[in-house]
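Chain identifiers are assigned alphabetically (A, B, ...) following the order of the sequence lines, protein sequences preceding nucleic acid strands; residue numbering begins at 1 within each chain.
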Number of protein chains: 2
Amino acid sequence: MRVLGIDPGLTRCGVGVVDGSVGRPLTMVDVGVIRTSASLPVAERLVTIERGLDAWIEEHRPDAVAVERVFARSDSSTIMGTAQASGIALVVAARRGLPIAMHTPSEVKAAVSGNGRADKAQVGAMVVRILRLSEPPKPADAADALALAITHLWRGAAQSRIEAAMANAKAAQKIVRTR
Amino acid sequence: MRVLGIDPGLTRCGVGVVDGSVGRPLTMVDVGVIRTSASLPVAERLVTIERGLDAWIEEHRPDAVAVERVFARSDSSTIMGTAQASGIALVVAARRGLPIAMHTPSEVKAAVSGNGRADKAQVGAMVVRILRLSEPPKPADAADALALAITHLWRGAAQSRIEAAMANAKAAQKIVRTR
């Protein structure tokens with residue numbers, strides 16, 4: 001199974017592709033960052049991100065996409081751009097019918113390092129170890145995208161099963177109601 | 001000049017098309033709301049909004065698009081969805097090369113009612129008067145989209161000139177620097 005991890009951002013959108021199969025170590029396929037200039041209008045920056053993500057999906061044909069879940073509670077001035085970029089990531093994946101999962105930053109930290117409050121350096125070091133890289137991918141957004149893909153490969157299967165069960169339960173409820 | 005106003009939202013995305021030409025009253029061309037169900041995954045809801053906005057642009061061929069500017073300071077739980085929907089609106093317009101303007105809620109209120117703190121009812125009443133409608137468009141998101149289009153028609157020309165001048169000044173600076 002191949003997962004594209006996306007760490008959404010307007011200035012730097014991290015992208016990382018990881019392959020995983022049962023009983024074998026995970027392997028990194030590709031990693032990078034889609035950059036857009038702050039001097040451009042937001043709409044153009046979002047189109048650049050859309051095209052960039054489309055190209056990554058075209059090239060690597062992932063089976064699923066993992067996107068970082070963004071929260072409003074952040075008081076960062078960049079939060080609106082991050083939310084907009086995450087919307088683009090979701091649409092690019094959904095248009096192709098790719099399964100999408102969202103993981104929170106603490107879920108990702110907990111999955112790769114065992115500590116939901118791990119710092120950037122710790123996450124980077126664990127990504128290096130898990131994927132047997134020679135050095136942490138830079139910038140941090142690229143490492144975070146790989147961490148998202150790893151999290152998805154490790155948690156995704158279980159989560160998909162839970163969601164499928166919940167969807168079935170909902171559908172069953174609806175059938176009961178409409179009778 | 002024909003303007004499509006978009007009041008972004010995940011549950012209700014307001015859309016309104018207004019025609020304006022010098023020396024003539026503004027006229028409403030169409031108004032509506034793109035709705036998505038909260039029971040669907042966010043990604044599917046965003047794709048529905050994308051397709052809906054594309055259809056509105058296809059049908060009405062606006063010369064410009066006015067989108068409400070979203071702020072992080074809002075403590076509403078829906079702010080992330082609103083930001084994501086606004087990102088989609090920006091991308092849909094930018095992909096077609098349409099000029100885009102963003103207006104804040106208080107700019108819109110000030111433009112249509114003369115009061116930046118006007119309430120929903122006052123904005124609705126002014127939209128009715130300006131466009132000579134028989135009653136306020138419902139829901140409020142639809143009226144807000146028309147108010148955005150009106151604001152753009154009234155403010156847009158001046159703003160475009162300012163932005164063009166600033167872009168020219170920036171370009172001139174760059175030329176000076178690279179010499």
### Task
Give a yes or no on whether B:Leu148 and B:Leu26 share a hydrophobic cluster (residues Ile, Leu, Val, Met, Phe, Trp, Tyr; joining criterion: side-chain heavy atoms under 4.5 Å apart).
no

### Summary
Among A:Ile88, A:Val92, A:Val42, A:Val91, the residue with the most heavy-atom pairs under 4.5 Å to chain B is A:Val91

### Query
Is B:Arg24 atom CZ crowded by more than 12 heavy atoms from other residues, nucleotides or ligands, each under 6.0 Å away?
no

### Shortest non-hydrogen separation from A:Val47 to B:Arg95 and the atoms involved
CG2-N, 4.0 Å

### Task
Give the cluster check for B:Ile34 versus B:Val29: same hydrophobic cluster or not, with ILVMFWY residues linked at side-chain heavy-atom distances below 4.5 Å.
yes

### Message
Quick check: under 4.5 Å, non-hydrogen atoms only, which of residues 48-55 of chain A neighbour chain B?
### Response
A:Glu50

### Task
Kindly indicate whether the side chain of B:Met80, heavy atoms from C-beta on, has any atom under 4.5 Å from the side chain of A:Ile79.
yes

### Query
What do you reckon, is CZ of B:Arg132 surrounded by more than 12 foreign heavy atoms closer than 6.0 Å?
yes

### Heavy atoms of other groups near A:Arg129 CZ, more than 12 under 6.0 Å
no

### Message
Under 4.5 Å between side-chain heavy atoms, counting indirect links through other Ile/Leu/Val/Met/Phe/Trp/Tyr residues: same cluster for B:Ile130 and B:Val31 or not?
### Response
yes

### Task
Heavy atoms only: give me the nearest A:Ala43-B:Ile100 pair and the separation to one decimal.
CB-CD1, 3.3 Å

### Query
Taking a hydrophobic cluster as the set of Ile, Leu, Val, Met, Phe, Trp and Tyr residues connected by side-chain heavy atoms closer than 4.5 Å, whether directly or through intermediates, do A:Met102 and A:Leu4 fall within one such cluster?
yes

### Task
Could you have a look at B:Ala93, B:Ser86, B:Ala85, B:Ala83 and say which one has the most heavy-atom pairs with chain A under 4.5 angstrom?
B:Ala83

### Task
Treat each ILVMFWY residue as a node, draw an edge where side-chain heavy atoms are under 4.5 Å apart, and state whether B:Leu146 and B:Met1 are in one component.
yes

